[in-house]
Structures are given as C-alpha cells and as structure tokens.
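This chain uses plain numbering: 1 for the first residue, then up along the sequence. Everything numeric in this text was worked out from a predicted model, so none of it was measured.
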Amino acid sequence: RDLILNIFRRLGTTGTGVNRLQTLLFSATLHAPHVTRLANELCQNAAFIDMKGMNALPDAVDHALVMVNPEEDRTWLQSTPKVFADRIHDLDPPLDPTSSGDESWSHAVKVLKPRLLQRVLQGLAVDQ
C-alpha cells in the first residue's frame, strides 16, 4: 500500500480534461476493506464494478513465485517470439550475451519476464 501511494504521489495529478490522471484499480479482493480504502485514496469518485457479488469467491486463484535469472535462463536471447519491454533501453546498444553490465541485465530481465509468465500459464493450464 505504501509503495503504491508513494508512486501515485509522484504522478502529475493537476491536469484537466484528457490530461487528467485517470486511475484504474483491479483487485480479486474487491470488497476487502484495505482495497476499498486504497481505491478511495487513489480514485476521484471511485466506482466499483463487481460481476459476481460481494460474497462470491474467485473460481480459482493461483499464486506462483518465479525467480527471474537471465544468467541461468538464456531464453531472453531468442528473437522469437518478439517481446516488447518498456522501451527504456531503446537507445542502448543491442543486447550482448557476454555483457555483465547492469543495463544489459535489466533489459534481459524485462524480456525474460513475459516468457516466464507464459510458461507459468501453460504449466497451470490457464485459459488465455
């Protein structure tokens, strides 16, 4: 909660019209008091859209901890499927598999995370 609020406070919230900050908050625990409080702090005139009702539990909630280590999992070097990251490293030199620089590892992790997510979803047989 504190981390989310810290990030939120750094965003420009003084715009109007199309320049106004719009905040969306998604939660599997929509009716939990701490989620409601957070929504009211982040959102102006917060609206809650609940498809199943307050007493409904999600059919399945799976949790997975996946360690992301580009030194061990070198699939980030694959060119397909193409993975688009946050573009922070667009002006950096191309990824060098022999580099151990922080920028290279940062980009490698960003490319590797969606690949690992896909493996987790396949392992859990989650419909996409």
Side-chain angles (χ1 to χ4, degrees):
R1 178 180 180 274
D2 291 338
L3 178 60
I4 293 170
L5 289 173
N6 188 15
I7 293 169
F8 182 75
R9 288 185 190 110
R10 294 174 187 223
L11 301 173
T13 59
T14 59
T16 60
V18 296
N19 295 318
R20 191 181 102 234
L21 176 66
Q22 296 183 23
T23 305
L24 303 175
L25 178 66
F26 299 90
S27 175
T29 56
L30 180 65
H31 297 286
H34 67 280
V35 174
T36 303
R37 280 193 305 274
L38 182 61
N40 287 324
E41 286 184 60
L42 296 178
C43 303
Q44 191 175 51
N45 302 318
F48 295 87
I49 300 171
D50 186 351
M51 305 301 284
K52 292 189 175 185
M54 184 173 192
N55 294 322
L57 295 174
D59 295 333
V61 176
D62 294 304
H63 299 274
L65 173 64
V66 178
M67 301 304 288
V68 179
N69 186 340
E71 292 182 81
E72 291 179 14
D73 186 340
R74 307 291 281 180
T75 59
W76 58 272
L77 294 167
Q78 296 172 348
S79 59
T80 57
K82 179 75 173 149
V83 174
F84 297 93
D86 59 11
R87 305 191 68 181
I88 289 292
H89 300 287
D90 279 3
L91 299 177
D92 292 349
L95 281 176
D96 177 3
T98 62
S99 173
S100 61
D102 290 343
E103 295 300 316
S104 290
W105 289 130
S106 171
H107 187 76
V109 166
K110 290 174 184 181
V111 171
L112 187 54
K113 284 193 286 188
R115 295 177 189 273
L116 293 173
L117 175 61
Q118 184 177 32
R119 287 185 218 156
V120 168
L121 292 174
Q122 288 170 343
L124 294 172
V126 173
D127 292 332
Q128 297 181 19

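- Scanning for side-chain hydrogen bond (donor to acceptor under 3.5 Å, both in side chains) contacts around Asn6 gives Arg10, with sequence neighbours left out.
- For residues 76-85, no pair satisfies salt bridge (charged side-chain N to carboxylate O under 4.0 Å, His left out), with sequence neighbours left out.
- Considering only heavy atoms from C-beta on, Arg115 comes within 4.5 Å of Gln78 through its side chain.
- Every side-chain contact (heavy atoms from CB on, under 4.5 Å) that Leu5 has, sequence neighbours left out, goes to Arg1, Arg9, Leu38, Glu41, Leu42.
- Residues Leu3 and Phe8 do not share a hydrophobic cluster, defined by chaining ILVMFWY side chains whose heavy atoms lie under 4.5 Å apart.
- With values rounded to the nearest 0.5 angstrom, Ile7 atom CD1 is found 8.0 Å from Leu11 atom CG.
- Taking Val109 as the reference, Val68, Pro70, Lys113 meet the side-chain contact (heavy atoms from CB on, under 4.5 Å) condition, with sequence neighbours excluded.
- Shown here are the side-chain contact (heavy atoms from CB on, under 4.5 Å) partners of Arg74, two or more places apart in sequence or in another chain: Trp76, Leu77, Pro97, Trp105.
- Residues forming a salt bridge (Lys or Arg N to Asp or Glu O under 4.0 Å) with Arg119 (at least two apart in sequence, or on another chain): Asp73.
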